[in-house]
Amino acid sequence: MSPKRVAILISGGGSNMVSLVDSMTGDHPARPCLILSNNAQAGGLKKAADRGIPTAVVDHRPFKGNRAAFETELLKPLEEARPDIVCLAGFMRVLTADFVTRFQGRMLNIHPSLLPKYKGLHTHARAIEAGDAEHGCSVHEVTAALDDGPILGQARVDIEPADTPDTLAAKVLIWEHELYPAVLRRFAEGNRSPVLMP
Ligand code: GRF
């Protein structure tokens, strides 16, 4: 059985992309086929190239908010890569329902909160503000509704009194790098039962 082809979309440093790529070795049922970014300056692009993985950039800025036109261009390298699975990993553009529908059931995202809490941005600050005792990250199937969709995995961390949004984000990021690869492997094996960490 040939390995599942995984395309990963990034916008920045790509630390989650690196964790996913570095996990796809040996008897892992998937292999990376493309790293695609909306940002030519994304630090993750060099990390991908250094690993010999094909990369592509489709800058969203010329489309000036015309999401459909941007996605039409984004789809060209993505479809050419023939992915079986698409992973959003620090990809900071909101995708339209049309785009998501094309990959429904085989597109994953990692979000830095214990969904359904704190959809959207500034999740760490919001959890601290709310006085929550714990926080974490979630991997979910991408659906048309933002940061929604079936949960495929979650990792929890305690919020300490001294935590700031930055210290909390750093704690959560460590778990993101454990959770996302574990979920991807299980998902590529056809198993959708949630991964719960620690
Ligand atoms: C991470 O906090 C992730 O939860 C969010 O984007 C941030 C940066 O991710 N989606 P990366 O280092 O670019 O993978």
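In listed order, ligands and their atoms are each counted from 1.
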Min over Gly13, Ala170, Ala169, Gly90 of heavy-atom distance to atom 6 (O) of ligand 1 lands on Gly90
Tell me: protein heavy atom nearest atom 14 (O) of ligand 1, and distance? Asn16 N, 2.8 Å
Using a 4.0 Å heavy-atom cut-off, which part of Glu176 comes near ligand 1: side chain, backbone, both, or neither? side chain
Between Val86 and Leu78, which heavy-atom pair has the shortest distance, and what is it? CG2-CD1, 4.4 Å
Exam field: side chain Thr55 to backbone Ile35, donor-acceptor pair closer than 3.5 Å: no
Salt-bridged, Arg31 to Asp84, with N to O below 4.0 Å? no
Which of the atoms in ligand 1, numbered in the order shown and given with their element, are less than 4.0 Å from a heavy-atom of Pro112? 4 (O)
Report, in ascending order of atom number, the atoms of ligand 1 lying under 4.0 Å from any heavy atom of Ile110. 10 (N)
Please confirm whether Ser15 comes within less than 3.5 Å of ligand 1 when only nitrogen or oxygen atoms on both sides are compared. yes
Inspect the contact between Asp98 and Arg102 and indicate whether a charged nitrogen and a carboxylate oxygen are less than 4.0 angstrom apart. no
Numbered atoms and elements of ligand 1 in range of Gly14, under 4.0 angstrom, heavy atoms: 11 (P), 12 (O), 13 (O), 14 (O)
Taking the six-membered ring for Trp, are His135 and His124 parallel (under 30°), tilted (30 to 60°) or perpendicular (over 60°)? perpendicular
Salt-bridge criterion met for Glu129 and Arg126 (N-O under 4.0 Å): no
